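Values reported hereafter were calculated over all heavy atoms of this structure, with side chains retained and with hydrogens, waters and symmetry mates removed. The structure displayed is predicted, hence computed values, not measured ones.
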Amino acid sequence: MSLSTTSHLQFPPQGLTWMWYAAYFSDPDWMAATWFSLRIAIATSLTATTVGTLAALAIVRGDVPFKGMLHALSMGPLVVPHIVLGVALYLVFSPLQLTGTLAGFLIGHTVLAVPFVVITVMAALQRLDPALDLAALNCGANRAQAFIHVTLPNIAPSLASAAVFSFLASFDEATVAFFISDVGGKSIGRKMFEDIDFNLTPVIAAASTVVVFASLFLIGFAQLLLKAESPQIHTGEHDQ
């Protein structure tokens, strides 16, 4: 439908044209929403990967109380409906004037993205032989050095794929963004909602096609990273 020559959504498309893609890339409102979403997604990817990796380390390798509670808390955003999270974040952010700001989006999207990082990194840590860390500690390394020089290189592909998943969890998110955005800061998901209500043209189809292809490319890249990790993971059985 994004290739149709008609000024309204129609399938099958009537004729073929790139005019709606040109309209998308030349429209300042669409570009502002796209770049805003990109900045949020990149920042979310960094923060969620950091927080999720620390949580996964505590759950799998840490000697901390209430591991089950920590695991359940980190998985909570996958269980709670996004519309409930959106309303809750709006009620918290509105008095603090965080709605429509980069900081507000970063906090909200990090909460949504952390579970994807925890799941991915936990899987990598559970496949990694803990004896490797113990060997590093016995050789004089401290915990931080053992993680940087032993654990991190082995789980690096999983970390990269977790970063990709957290990026997509932020960039493609629309429900929470609908509640915490405003005229000053608007994500591409919120922009799509508005145009569906007030300006329904094939530009929306062009924008959604760009988002879908970008998401498919990144998901494919993440899958390649996870496949590349498999032969690098050292397990007790392999060492034996």
Side-chain angles (χ1 to χ4, degrees), residues 1-45 48 77-78 80-90 93-94 98-113 115-116 163-223:
M1 289 190 288
S2 65
L3 299 173
S4 177
T5 56
T6 59
S7 60
H8 55 276
L9 293 175
Q10 181 176 342
F11 189 85
Q14 300 298 308
L16 296 175
T17 180
W18 294 99
M19 62 180 293
W20 303 114
Y21 288 92
Y24 165 70
F25 285 108
S26 62
D27 189 299
D29 289 338
W30 276 109
M31 287 296 96
T34 301
W35 288 116
F36 186 73
S37 292
L38 279 173
R39 292 198 303 271
I40 294 168
I42 292 171
T44 299
S45 179
L78 289 179
V80 179
H82 281 197
I83 191 169
V84 175
L85 286 173
V87 173
L89 289 171
Y90 173 77
F93 287 173
S94 185
L98 287 174
T99 55
T101 64
L102 182 63
F105 271 94
L106 178 59
I107 295 170
H109 284 189
T110 297
V111 170
L112 297 174
F116 298 98
V164 170
F165 291 138
S166 59
F167 178 94
L168 292 174
S170 171
F171 189 71
D172 287 350
E173 205 286 320
T175 306
V176 171
F178 186 82
F179 286 93
I180 64 175
S181 61
D182 62 10
V183 294
K186 186 186 305 180
S187 70
I188 190 171
R190 174 65 182 267
K191 173 64 175 171
M192 286 182 177
F193 269 119
E194 290 184 353
D195 273 40
I196 288 172
D197 283 337
F198 304 112
N199 189 29
L200 187 58
T201 68
V203 175
I204 294 178
S208 63
T209 301
V210 171
V211 171
V212 167
F213 272 100
S215 300
L216 289 175
F217 173 79
L218 290 174
I219 290 174
F221 178 68
Q223 291 300 317

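- Remark: Phe93 CZ to Ile107 CD1 distance equals 4.5 Å, nearest 0.5 Å.
- For Ala43, the side chain to side chain contact (heavy atoms under 4.5 Å, CB included) partners at least two apart in sequence or on another chain are Leu106.
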Checklist entry - When you look at Thr44 and Phe167, which way does the side-chain contact (heavy atoms from CB on, under 4.5 Å) test go after all the steps? => result CA-CA 7 Å; Thr44 299; Phe167 178 94; over 6 Å; no
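- Note that CD1 of Ile188 is 7.0 Å distant from CE of Met31, once rounded to the nearest 0.5 Å.
- Thr34 and Tyr24 share a side-chain donor-acceptor pair at under 3.5 Å.
- Residues Ile83 and Phe179 form a side-chain contact, since some pair of their non-hydrogen atoms from C-beta on lies under 4.5 Å apart.
- A heavy-atom distance below 4.5 Å is not found between the side chains of Pro202 and Ser2.
- Note that CG of Leu85 and NE2 of His109 are 10.5 Å apart. Values are rounded to the nearest 0.5 Å.
- For the pair Ile40/Phe36, a side-chain contact is recorded, criterion being any heavy-atom separation below 4.5 Å from C-beta on.
- For the pair His82 and Leu112, the tightest heavy-atom approach, listed with the atom from each and the gap, is NE2-CD2, 3.7 Å.
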Item to check | Verdict with supporting geometry, Val203 and Asp27, side-chain contact (heavy atoms from CB on, under 4.5 Å) | outcome: CA-CA 10 Å; Val203 175; Asp27 189 299; over 6 Å; no
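- Across all their heavy atoms, Ala163 and Ser45 have their closest contact at O-OG, 2.9 Å.
- Minimum heavy-atom separation, Lys191 to Asp29: NZ-CB, 3.7 Å.
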Acceptor/donor pairs from residues 209-219 side chains to any protein atom, 3.5 angstrom cut, sequence neighbours excluded:
unit_1 : atom_1 : unit_2 : atom_2 : d
Thr209 : OG1    : Ala205 : O      : 2.7
Ser215 : OG     : Asp172 : OD1    : 3.4
Ser215 : OG     : Asp172 : OD2    : 2.9
Ser215 : OG     : Val211 : O      : 2.8

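- Atom OH of Tyr90 and atom CZ of Phe178 lie 11.5 Å apart (nearest 0.5 Å).
- By the 4.5 Å heavy-atom criterion applied to side chains, Ser37 and Phe171 are counted as neighbours.
- The minimum heavy-atom distance between Met19 and Thr17, with the atom names listed, is N-OG1, 3.1 Å.
- To the nearest 0.5 Å, the span separating CZ on Phe105 from CD1 on Ile180 amounts to 4.5 Å.
- Taking OG from Ser208 and CE from Met1, the interatomic distance works out to 7.5 Å, rounded to the nearest 0.5 Å.
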